[in-house]
Amino acid sequence: MSEVVRSRRVAAGQSANEAAREHLTARDVLKVAGPGVITGGADNDPAGIATYSVVGATAGFAQNWLLLLATPMLIVVQQMSAKVANVTKTDLATVLRVRYGARVATPAVVLLVVANVITMGADLLAMGAAIQLVTGIKYLYVIVPLAALMGIVTIFLDYRQLSKWLLWLVGVFATYIVAAFLARPNWPDVLRQTFVPHIEFSPAYFLAAVAMLGTTITPYLFFWQSSGEVEEKRGVQRLTRTNLDIGIGMVWSNLTAFFIIVATGAVLYTRHAQVRTAADAAHALEPFAGHYASALFAVGIIGAGLIAIPVLAASSAYGVAGLAGWRRGLGRPARNAPQFYLVIGIAFLIAMQLAISSVDPIKALFYSQVLDGLIAPILVVLMLVTTSSRKIMGDFVNGVATNVIGWGAAAVMVAADVALVYQLVTNGLPS
Amino acid sequence: MDERITGWWDAVLAGETDEPHPIHGERVKVRLKRDSLELTGILDHAKDRDQLVRQARSRIGKGIRKVDVERLVVAPRLERPGVLEQTIIAAYSDRATAELARNFVVEHSRVTPKHEAIVDHTNSKQLANLVPDEYVDDIRKRIDRGEAVLVIRVDETAAFTVRGLLEEETRCHWTMATPPEVAARV
């Protein structure tokens with residue numbers, strides 16, 4: 001169809017939003033996977049798997065309903081990150097710098113980078129521990145080659161090649177579905193606790209809930225999502241496709257989290273097993289759920305790290321380069337955007353150093369969650385303000401449902417911060 | 001043919017395959033394998049691909065015997081051009097720099113602007129006709145500081161490329177995109 005004929009489809013008086021709307025066919029739906037699905041995969045990094053495992057081991061299935069509640073929040077926040085990029089035609093860091101000034105953008109990006117690098121270190125350590133569990137090779141020997149390999153892949157693979165690999169890797173989370181079935185949970189009980197909310201007024205229950213929600217909605221996902229839209233140049237005419245991509249990615253992400261909790265809840269909660277890391281959980285599953293369940297759990301941790309670590313490094317670089325106005329993008333060769341790739345390289349080096357030094361992974365995880373927890377609600381509020389502004393978004397301004405869910409997510413994250421402060425005041429720093 | 005493109009081809013045939021293409025930059029990659037020349041990359045327009053292939057084939061016999069363009073592709077286009085438009089604004093230290101930036105962006109984005117203007121203190125009255133009312137004050141502040149502002153209205157499908165080029169490849173101090181609007185000609 002010619003461009004002229006196509007353009008005549010726009011009826012007089014139509015808003016830009018109506019004119020841009022795309023009607024997807026069933027065939028299109030199969031091809032929507034993109035930054036949204038990768039973001040969903042990256043959401044469950046080894047540190048996240050550790051959090052879900054601890055939730056399963058300490059609270060059983062009692063908090064599954066919170067995952068159900070968090071899913072629309074996660075979808076809405078990610079859709080806002082994508083929409084900001086597709087309307088303003090730039091990434092989130094640049095939007096923050098141009099709209100709110102360096103005084104707002106700089107601390108947000110600095111905190112993001114620090115939290116990302118610490119998380120990368122904790123993730124590398126978890127991957128090393130999982131490899132040790134599966135192969136018997138001491139984890140310290142695999143961390144450096146692993147970090148070097150992922151660093152090289154992130155720097156030298158083109159965005160399209162890298163995203164293709166990451167999309168395939170997202171499938172690795174199916175291991176948790178199998179692991180959950182091998183754990184033989186009481187399914188009627190799982191379903192009841194998932195669909196019937198249950199609140200226990202105990203500090204342990206509340207803190208586990210806060211950790212779970214904080215792990216689900218994290219700032220690096222916002223930066224990766226918006227930069228992915230810029231890399232793919234999807235624009236507002238593909239918003240339906242983008243939203244579907246995000247929906248699939250986030251549902252898959254939370255479904256994975258659900259099965260991790262089911263696997264650990266079925267085996268470890270009933271036996272009061274203590275776990276601190278994802279590898280602990282994989283190891284603890286073996287005597288009760290069998291070698292395959294344990295191995296699958298460990299393989300899932302390795303796959304999760306392979307997706308999340310490049311995303312964490314790249315989202316840090318997107319943030320810094322957007323703030324500084326440097327050339328950026330995984331679609332560019334390294335020589336064309338040297339500062340952008342330098343940030344990625346430095347992030348990998350520091351993370352590797354953290355992983356091989358004597359830093360306690362639990363402490364590292366705690367501090368990265370504190371930093372993420374501090375900036376996540378601020379970023380969500382800034383995105384809500386931005387996407388609610390008719391001046392910035394025009395006809396693509398948020399609808400009522402998006403605003404209600406978005407502000408709900410911000411409120412939940414603020415509550416998470418309050419709980420974190422409460423924990424610090426009452427219990428002090430983790431030992 | 002543009003002298004820069006002829007020069008680029010000469011450099012490629014001499015073995016300098018790392019040199020970015022004068023128009024398409026890093027989007028086009030070249031490899032020389034014995035007597036064959038391989039072009040790879042993703043281009044936005046079929047006419048650009050046709051032109052590159054034609055240029056490559058015309059050089060057969062000048063150090064190459066074969067041209068492989070199987071991996072030189074045109075990006076699949078899902079967006080409909082002509083539906084929406086968007087205005088991109090960029091501020092520069094002076095009018096001369098803004099003019100250079102405009103020429104650079106028009107050449108490298110392969111976009112025909114729907115409208116474009118450079119506004120500074122000499123013609124700031126026309127600002128109200130170029131951008132939505134909500135943006136006039138933001139831009140006027142820049143002009144009052146002595147800056148020149150490039151205002152370029154393009155099809156929404158080209159807006160990512162134009163903003164990216166302005167922001168990352170020119171010496172602009174500030175960029176902004178107004179929200180997409182229904183195309184004026186519809």
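The structure presented is a predicted model; accordingly, all values stated were derived computationally and were not measured. Chain naming here is simple, since letters A, B, ... match the order of the sequence lines and numbering starts at 1 in each.
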Give, as side chain, backbone, both or neither, the part of [X] having an atom under 4.5 angstrom from any heavy atom of chain B.
X	value
A/Arg328	both
A/Ala85	backbone
A/Arg390	backbone
A/Asp158	neither

Beyond-backbone contact of [X] with [Y], side-chain heavy atoms, under 4.5 angstrom:
X	Y	value
B/Asp18	A/Arg335	yes
A/Met393	B/Pro179	no
A/Thr90	B/Phe160	no

Point to revise | Contacting region of B/Glu156 [heavy-atom separation from chain A under 4.5 Å] | key: both
Check your understanding: Taking atom types as modelled and ignoring hydrogens, do the side chains of B/Thr157 and A/Gln237 form a donor-acceptor contact shorter than 3.5 angstrom?
Key -> no
Check your understanding: Under the salt bridge (Lys or Arg N to Asp or Glu O under 4.0 Å) criterion, do A/Lys391 and B/Asp138 qualify, and how do the steps go?
Key -> CA-CA 12 Å; A/Lys391 176 184 172 184; B/Asp138 294 340; 2.7 Å; yes
Check your understanding: Where the side chain of B/Gln86 meets the backbone of A/Val87, is there a donor-acceptor pair that is under 3.5 Å apart?
Key ->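 The answer is yes, because a donor-acceptor pair under 3.5 Å joins these two groups.
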Review point. Where do B/Glu169 and A/Arg327 land on the salt bridge (Lys or Arg N to Asp or Glu O under 4.0 Å) test, with the steps shown first?
Key: CA-CA 7 Å; B/Glu169 307 290 346; A/Arg327 279 185 190 157; 2.9 Å; yes
Review point. Please walk me through it: do B/Glu167 and A/Lys89 pass salt bridge (Lys or Arg N to Asp or Glu O under 4.0 Å)?
Key: CA-CA 11 Å; B/Glu167 202 165 83; A/Lys89 304 295 186 278; over 6 Å; no
